[in-house]
Amino acid sequence: MPLRAEYTLHHSNLGDFLSAPVWMEKNGTPLSVLSALARLDLDPWAEGSRMAALSKDAATSRLAAILRQLPEKQPGTTDTDRIADRLVALLPKEGAAAITTAMPINDIAGRMGGAIGGNRWIILALAALLAALVTNGLWF
């Protein structure tokens with residue numbers, strides 16, 4: 001049975017775009033595009049793929065509109081068009097489709113030489129034990 005998309009690792013050519021910093025948060029950490037989209041309950045890979053299919057101007061307008069929806073904008077970040085323009089430059093070139101695939105964890109284990117696959121029963125048993133401990137209030 002394949003894993004649901006939220007339980008898989010995403011592989012795409014959107015990595016530079018999604019990991020790019022939008023601005024610095026109040027606590028000094030950078031807010032990535034991925035985190036900004038997720039905060040607005042948008043799928044970062046789907047949204048990035050949509051923007052990659054648009055013209056540069058349309059993608060910039062779309063991203064700027066999204067950034068304006070963020071609840072906590074940082075002081076000095078009022079120029080969302082400029083920020084969006086910088087970030088859109090990191091999207092795959094216009095006409096190049098954004099490639100996003102979801103790879104189940106088991107496939108990754110198999111590609112790693114079966115490092116996890118060979119010990120699957122041990123890992124499943126430990127996971128079941130941990131779940132039982134948490135459920136019965138004996139852990140955390």
Side-chain angles (χ1 to χ4, degrees):
M1 176 176 178
L3 294 172
R4 293 177 19 197
E6 54 269 22
Y7 299 112
T8 58
L9 299 176
H10 293 272
H11 299 278
S12 80
N13 58 353
L14 296 168
D16 290 341
F17 171 72
L18 293 175
S19 63
V22 177
W23 54 59
M24 296 300 281
E25 297 276 70
K26 290 177 184 172
N27 65 6
T29 60
L31 173 69
S32 69
V33 173
L34 188 144
S35 293
L37 293 171
R39 284 182 185 179
L40 295 171
D41 203 24
L42 297 170
D43 180 312
W45 290 271
E47 199 59 46
S49 294
R50 276 188 216 102
M51 283 188 249
L54 298 173
S55 69
K56 184 179 185 304
D57 290 340
T60 300
S61 294
R62 170 75 180 140
L63 185 57
I66 289 170
L67 295 177
R68 282 191 284 275
Q69 293 176 30
L70 287 168
E72 293 186 27
K73 293 186 199 74
Q74 298 304 309
T77 59
T78 56
D79 193 1
T80 54
D81 290 331
R82 185 183 52 77
I83 294 168
D85 189 51
R86 172 181 55 85
L87 296 169
V88 164
L90 299 172
L91 283 168
K93 299 299 177 211
E94 189 177 340
I99 301 167
T100 301
T101 60
M103 180 180 290
I105 303 274
N106 289 343
D107 289 355
I108 294 168
R111 291 177 186 208
M112 295 172 56
I116 297 173
N119 298 320
R120 183 175 314 168
W121 297 114
I122 294 170
I123 292 170
L124 288 174
L126 289 173
L129 176 63
L130 180 61
L133 289 171
V134 169
T135 301
N136 293 313
L138 300 173
W139 189 280
F140 294 102

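Only heavy atoms go into these numbers, but all of them, side chains included; no hydrogens, no water, no symmetry mates.
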Got a second to check how far [X]'s [atom1] is from [Y]'s [atom2], nearest 0.5 Å?
X	Y	atom1	atom2	result
Met51	Ile66	CE	CD1	4.0 Å
Leu91	Leu18	CG	CG	8.5 Å
Gln69	Leu37	CD	CG	10.0 Å

Contacts of [X] that satisfy side chain to side chain contact (heavy atoms under 4.5 Å, CB included) - sequence neighbours left out:
X	result
Ser32	Leu34, Ser35
Ala65	Arg68
Pro30	Pro21, Met24
Asp41	none

Heavy-atom closest pair, residues [X] and [Y]:
X	Y	answer
Val22	Ala36	CG2-CB, 4.4 Å
Ala64	Asp81	CB-OD1, 3.2 Å
Trp23	Ile83	CE3-CD1, 3.9 Å

(message) Within the 4.5 Å heavy-atom criterion, are Leu14 and Ser49 side-chain neighbours or not?
(response)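 A side-chain contact exists here, since the closest heavy-atom pair is under 4.5 Å.
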(message) Less than 4.5 Å apart, side chain to side chain, heavy atoms only: is that true for Leu70 and Leu67?
(response)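 Sidechains of Leu67 and Leu70: in contact.
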(request) Give a yes or no answer on whether the side chain of Arg50 reaches the backbone of Ala59 with a donor-acceptor pair at less than 3.5 Å. (result)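 Looks like no, no N/O pair under 3.5 Å.
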(message) Test of understanding: with side chain to side chain donor-acceptor pair (under 3.5 Å), list the residues that count as partners of Asp57, not counting sequence neighbours.
(response)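 Result, side chain to side chain donor-acceptor pair (under 3.5 Å) vs Asp57: none returned.
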(request) For Arg62, enumerate each residue passing the salt bridge (Lys or Arg N to Asp or Glu O under 4.0 Å) test, keeping only those at least two apart in sequence or located in another chain. (result)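 Checked Arg62 against salt bridge (Lys or Arg N to Asp or Glu O under 4.0 Å); matches are Glu47.
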